[in-house]
K.L.:
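Submitted below is the structure of interest, expressed as structure tokens.
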Amino acid sequence: MSEDNPFDAKEIRPFIEAADRKGLLLSFDAGESKHSLALWQIEMDLVRVSLENAITRARGRQIDGLAERLERLLRHGTGPQQVDFVLGSQRVYYFPEDIEKMVNSGPNAAHHFALRPFSWLRCKPMDDGSQHCEEHHNEVCLVF
């Protein structure tokens, strides 16, 4: 790792490969980008690489319920659902399947759940056309 790139080379390789295939500029500095988030610049290949990174980290930390939900989100989630996990700004993320479970059981049903602090690498599309890769920290709710 260099001072310009604080991330593990093996972990960022899929991001670099996806960006190279698309001719995209990536930044990996640990600080905030000087540019604003630009959702109209979303690159779904990088969204999916971000999801794959989250799956790898969840598996590595043996958080199987989280890894399974992330895999379903990657395989069966819509593009907007995938973008919401990777780029959403909510403080706690709820998986679509868990929201559906809560809605279908009605407002008076009690749900067992676990809030898990979790972090993964993600790339954010910036208004200058670049992709800013960063470590993202959030809480994830798992409903049982």
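Basis for what follows: all heavy atoms, side chains included, without hydrogens, waters or symmetry-related copies.
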K.L.:
What do you reckon, is CZ of R91 surrounded by more than 12 foreign heavy atoms closer than 6.0 Å?
P.N.:
no
K.L.:
Any side-chain heavy atom of K22 within less than 4.5 Å of one from L46?
P.N.:
no
K.L.:
Can you tell me how far apart CG (L142) and OH (Y94) are? Round to the nearest 0.5 Å.
P.N.:
11.0 Å
K.L.:
Do you reckon M126 sits in the same ILVMFWY cluster as L39, going by side-chain contacts under 4.5 Å, direct or chained?
P.N.:
no
K.L.:
Closest approach of L87 and R122, non-hydrogen atoms and distance?
P.N.:
CA-NH1, 3.6 Å
K.L.:
Quick one: are V143 and F95 in side-chain contact, heavy atoms under 4.5 Å?
P.N.:
no
K.L.:
Classify the ring geometry of H136 against W120: parallel below 30°, tilted from 30° to 60°, perpendicular beyond 60°.
P.N.:
perpendicular
K.L.:
What is the ring orientation for F28 with F7, classed by angle as parallel under 30°, tilted 30 to 60°, or perpendicular over 60°?
P.N.:
perpendicular
K.L.:
Does H76 NE2 have over 12 foreign heavy atoms under 6.0 Å away?
P.N.:
yes
K.L.:
Give, for atom OG of S119 and atom CZ of R61, the distance between the pair rounded to the nearest 0.5 Å.
P.N.:
4.5 Å
K.L.:
Check the surroundings of atom CD in E100: do more than 12 heavy atoms from other residues, nucleotides or ligands lie under 6.0 Å from it?
P.N.:
no
K.L.:
About how many Å separate CD1 of I55 and CD of E68, when rounded to the nearest 0.5 Å?
P.N.:
11.0 Å
K.L.:
Could you tell me whether Q90 atom CD has more than 12 heavy atoms of other residues or ligands within 6.0 Å of it?
P.N.:
yes
K.L.:
Using the rule that Ile, Leu, Val, Met, Phe, Trp and Tyr join whenever any side-chain heavy atoms are under 4.5 Å apart, tell me whether F118 and L73 fall into a single cluster.
P.N.:
yes
K.L.:
Indicate whether any N or O donor in one side chain lies under 3.5 Å from an N or O acceptor in the other, for Q41 and D127.
P.N.:
no
K.L.:
If hydrophobic clusters are built from ILVMFWY residues whose side chains come within less than 4.5 Å, do F113 and M102 share one?
P.N.:
yes
K.L.:
Hey, does R59 have a side-chain heavy atom less than 4.5 Å from the side chain of D64?
P.N.:
yes
K.L.:
Do K101 and D98 come close enough that some side-chain heavy atom pair is under 4.5 Å?
P.N.:
yes
K.L.:
When you look at L121 and E135, which way does the side-chain contact (heavy atoms from CB on, under 4.5 Å) test go after all the steps?
P.N.:
CA-CA 5 Å; L121 294 182; E135 181 86 16; 3.4 Å; yes
K.L.:
If you measure from CD1 on I63 to CZ on R57, what distance do you get to the nearest 0.5 Å?
P.N.:
11.0 Å
K.L.:
What's the separation between atom CZ in R48 and atom CZ in R75, rounded to the nearest 0.5 Å?
P.N.:
14.0 Å
K.L.:
How many angstroms lie between atom CG of D20 and atom CG of L25, to the nearest 0.5 angstrom?
P.N.:
10.5 Å
K.L.:
If we count only N and O atoms by modelled type, under 3.5 Å, do the side chains of S105 and H111 hold a donor and an acceptor together?
P.N.:
yes
K.L.:
Tell me, do P125 and L37 make a side-chain contact under 4.5 Å, heavy atoms counted?
P.N.:
yes
K.L.:
Does a side-chain heavy-atom distance below 4.5 Å link M44 with V83?
P.N.:
yes
K.L.:
Any link between L115 and I99 through a network of hydrophobic side chains (Ile, Leu, Val, Met, Phe, Trp, Tyr) touching at under 4.5 Å?
P.N.:
yes
K.L.:
Are C123 and L26 packed together at the side-chain level, in the sense that at least one heavy-atom pair is separated by less than 4.5 angstrom?
P.N.:
yes
K.L.:
Is there a path of hydrophobic side-chain contacts, each under 4.5 Å between heavy atoms, that joins V92 and V103?
P.N.:
yes
K.L.:
Taking C-beta and beyond as the side chain, do Y93 and D84 meet within less than 4.5 Å on heavy atoms?
P.N.:
yes
